[in-house]
Asks: 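I'd like to ask you about the structure that follows.
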Amino acid sequence: MGGNKVSKKKGLTRREFLRNAAIAGAAVAAGSVIPRSSASAQGAPGRWDKEADVLVIGAGAAGLPAAIEAVLKGASVIVVEANFDIGGHAIVSGGNIPLGGGTSAQKKAGIVDSPDLIFSDLTDWSIVQPNGFPDYRYNDRAIIRAFADNNVSTFEWLLAQGVSFVDKAPDNHGGTSVGNSAPREMHTAALAYPMVETGKPVDPTVQATTYSGVGLMRPLEARAKKLGVQILLEHKMTGIYRENPTSGRVVGIAVDNKGRRLNIRAKKGVIIGTGGSTGNVNFRMIFDPRLTEEYCGLAGEPWSVQDASGELAAMAIGASLWGTYNQTGEFGWNITKAGQIGCQYGYRHLQWMPGSPVFHLARATGLRVANWQDVILVNQAGKRFYDETAGQVTSNSYKSLDPYAPNSYLNARTIKYDPANFINAALAGTGEARNGGGPIWAIFDAEAVARERWNPTPPQVDIEAGFFFSANSIAELAGRVVMKYQPRGIPGPALEETVARYNSFVDSGKDEDFGKPKPLHKIQKAPFYAAWSTPVIHDSRTGLRINAKCQVVDLYGQVIPGLYCGGESAGGFSQHGLARCIVQGLIAGRNAAAEKAM
Ligand SMILES: Cc1cc2nc3c(=O)[nH]c(=O)nc-3n(C[C@H](O)[C@H](O)[C@H](O)COP(=O)(O)OP(=O)(O)OC[C@H]3O[C@@H](n4cnc5c(N)ncnc54)[C@H](O)[C@@H]3O)c2cc1C
């Protein structure tokens, strides 16, 4: 409260101005997500429909641990979840969780690790990727210290809540920006839970050994329910209330439940665990103006959305963003190369199958590319832009750098410069005065279909929504590629020239334009195909400014009393995925429960 008074004294007018600007910005950025008449613009309502000590927004990797921890610490808890089910991106994740620092699993495997080693790793200025981008340099030191100090207890806490890990030593599988010094990745077991992407459990013979986020989130859901946490599904938070529109404690939230508006009171605190911002075009363009509308195939959608609603609601009542470089820097899987083509949702580690409860939204499984020699990739102008076999930017994990000298300029000797610019070339655009690279299309022929053993018909490909086309000639194909993000089709002569030139490279054995290693197959046998292969957006690595207690901090550096945040909606921490979300959920839940009830 003291902090708030200070801000008031410093000048309410300016603060009010900034707050109003934030609300206006929020309304524009969110489009239909947060209505202009957002509850955030108002003070506390006269009537509450429900109340609890702690309100948690989002039942994902940060939200459910926050809820369980808060209830374990004696608070009553309501979780509001926009989706029809719990889980968020965490439930469709690979369940690879980098929690180290000296866990029981590390000790059992004889792995030496400590909180200090985690802290040193995740603040190491000297680690840069082969393209020159640093994973850890812009991390907030207080946030990382809190993370490091809570790793061991979080891992043991997960075990205590009934989460089962695959019985093996920690490794580095799936880790991105998780530290170089020790293997820390643990993997939750899928067990017999139905997988969200298929609607079915995995084969009983591999249930104990298959990694999946379902094995993290279903046990946490069961535990939360057993402890009396109320989980309100299809309840979307649309605004956060403070005592007064511009000041005071956070006292509750506004929620939309299928068109019905509810006001829910928080006696102790509100925790934002809404999962980030990558699905909000205007918001993500704050950090990277290239990320325009055509990047519509987000990892984790259409299961749950990352629409920045948490960030926007908090910003509307004064919150700041934090550590924004971590979103702009080119490392990790913030933006990925598509793995499945011919469908909207092409993230390579998540293939939607017809049994999934959201398959009607995903619409197609996509065609998995086994060998990028089988296709060429062209931009909206029908031109190739890079070696199709190239990968994407990397990130640091255990032994990525070997030898490794912590925080030392000596590491520069080990790092070999390699720009890895596939993604940048795809996002480069085609010379127009607009941001974004436009759609990227895989072009291939009937022989490629045979080699890859694809079945290029629905539901493998999404013809109806314009993510897949075929024709009997290249010129005809080019003209047919008309869809929301490619309104004028691909110029036919350009595509014909591209294919002819590529075929000549197959004859000569050398890709004169992009150095694809020995081009192997001509594109020559009808029918010809164009399949959506536009890069996929994945993580949010920036978000709201928080402190080590996961309290949200305003534009003046003051804590917003009663407001907490963790996970992908929180900023200041460059790391992919679950570990930071779970740890921050626990920290937020614990601290919110310890607040004095109003
Ligand atoms: C395919 C895939 C694979 C992955 N694999 C891994 C992996 O192996 N290892 C790893 O470490 N990380 C992985 N990740 C990343 C990891 O899943 C996420 O970083 C993590 O789940 C983020 O946690 P969160 O709590 O911030 O958000 P989420 O887990 O996404 O939860 C946010 C929840 O908030 C809800 N919500 C959003 N807005 C509102 C609102 N306004 N009102 C109410 N509810 C709202 C959402 O519906 C969602 O349920 C993967 C992600 C994907 C998509």
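Counting starts at 1 for both ligands and their atoms, in listed order. As a basis for the values below, the full set of heavy atoms in this structure was taken, side chains included, without hydrogen atoms, waters or symmetry mates.
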Asks: Using a heavy-atom cut-off of under 4.0 Å, does the side chain or the backbone of L350 touch ligand 1, or both, or neither?
Replies: side chain

Asks: For Y564, does the six-membered ring have the charged nitrogen or CZ of K549 within the cation-pi criterion, i.e. under 6.0 angstrom from the centroid and within 45° of the normal?
Replies: no

Asks: How does Y347 reach ligand 1, by side chain, by backbone, by both or by neither, if only non-hydrogen atoms under 4.0 Å count?
Replies: side chain

Asks: Using 0.5 Å steps for rounding, measure from the CD1 atom of I86 to the CD atom of E221.
Replies: 4.0 Å

Asks: Given R184, which partner from the list D113, T103, N151, N172 fulfils the side chain to side chain donor-acceptor pair (under 3.5 Å) test?
Replies: D113

Asks: Evaluate the ring-ring contact (aromatic ring centres under 6.0 Å, His included) criterion for residues H360 and W352: first the C-alpha distance (whole Å), next the side-chain angles of each, then the deciding distance (0.1 Å), finally the verdict.
Replies: CA-CA 10 Å; H360 61 291; W352 296 106; over 10 Å; no

Asks: For atom 2 (C) of ligand 1, which of the options S93, G63, A62 provides the nearest non-hydrogen atom?
Replies: S93

Asks: Kindly identify the option in E301, E81, R541 whose heavy atom sits closest to atom 35 (C) of ligand 1.
Replies: E81

Asks: Measure from atom 40 (C) of ligand 1 to every heavy atom in M217, R580, Q351, M237 and give the option owning the shortest one.
Replies: M237

Asks: Can you pull out the closest protein heavy atom to atom 24 (P) of ligand 1? Residue, atom name and distance to 0.1 Å, please.
Replies: G275 CA, 3.9 Å

Asks: H349 versus ligand 1: do any nitrogen or oxygen atoms come within less than 3.5 Å of each other?
Replies: no

Asks: Any nitrogen or oxygen of A579 lying under 3.5 Å from a nitrogen or oxygen in ligand 1? Just yes or no.
Replies: no

Asks: Tell me yes or no: between the side chains of R368 and Q340, is some donor less than 3.5 Å from an acceptor?
Replies: yes

Asks: Under 3.5 Å between some N or O of ligand 1 and some N or O of G88?
Replies: yes

Asks: Would you name the heavy atoms of P98 and N96 that are closest together and state the gap between them?
Replies: CD-O, 3.7 Å

Asks: Distance from I335 atom CD1 to Q327 atom CD, nearest 0.5 Å?
Replies: 8.0 Å

Asks: Is NZ or CZ of R580 both nearer than 6.0 Å to the six-membered ring centre of F147 and within 45° of the ring axis?
Replies: no

Asks: Side chains of R284 and S277: donor-acceptor distance under 3.5 Å anywhere?
Replies: no

Asks: Can an N or O of H576 be found at a distance shorter than 3.5 Å from an N or O of ligand 1?
Replies: yes

Asks: Using a 4.0 Å heavy-atom cut-off, which part of A82 comes near ligand 1: side chain, backbone, both, or neither?
Replies: both

Asks: Is there a polar contact between ligand 1 and S569, counting only N or O atoms under 3.5 Å apart?
Replies: no

Asks: For atom 31 (O) of ligand 1, which candidate among A66, G60, S540 holds the nearest heavy atom?
Replies: G60

Asks: Consider every N or O of I97 and every N or O of ligand 1, then say whether any pair is closer than 3.5 Å.
Replies: no

Asks: Report yes if some N/O of Q306 lies less than 3.5 Å from some N/O of ligand 1; otherwise report no.
Replies: no

Asks: Between W48 and Y241, does the ring centroid distance fall short of 6.0 Å?
Replies: yes

Asks: Could you check Y345, Y295, Y347 and say which one makes a ring-ring contact (aromatic ring centres under 6.0 Å, His included) with H538?
Replies: Y347

Asks: Under 3.5 Å between some N or O of ligand 1 and some N or O of G174?
Replies: no

Asks: Evaluating non-hydrogen atoms only, which member of K236, E568, E311 is closest to atom 19 (O) of ligand 1?
Replies: E568

Asks: Considering only heavy atoms of V92, which atoms of ligand 1 have at least one such atom less than 4.0 Å away?
Replies: 1 (C), 2 (C), 3 (C)

Asks: With heavy-atom distances below 4.0 Å as the criterion, list the atoms of ligand 1 near G567.
Replies: 26 (O)

Asks: Any atoms of ligand 1 less than 4.0 Å from a non-hydrogen atom of A299? List them with their elements.
Replies: 53 (C)

Asks: In terms of heavy-atom contacts, does NZ of K168 have more than 12 from other residues, nucleotides or ligands at under 6.0 Å?
Replies: yes

Asks: Do you know which two heavy atoms are closest between M217 and A61, and how far apart they sit?
Replies: CE-N, 3.9 Å

Asks: Using a 4.0 Å heavy-atom cut-off, say whether C581 meets ligand 1 through its side chain, its backbone, both or neither.
Replies: side chain

Asks: Look only at interatomic distance and state if I57 has a nitrogen or oxygen under 3.5 Å from any nitrogen or oxygen of ligand 1.
Replies: no

Asks: Would R348 and W333 count as a cation-pi pair here, with the cationic atom under 6.0 angstrom from the ring centre and within 45° of the axis?
Replies: yes

Asks: Using a 4.0 Å cutoff against the non-hydrogen atoms of S304, which atoms of ligand 1 qualify?
Replies: 47 (O)

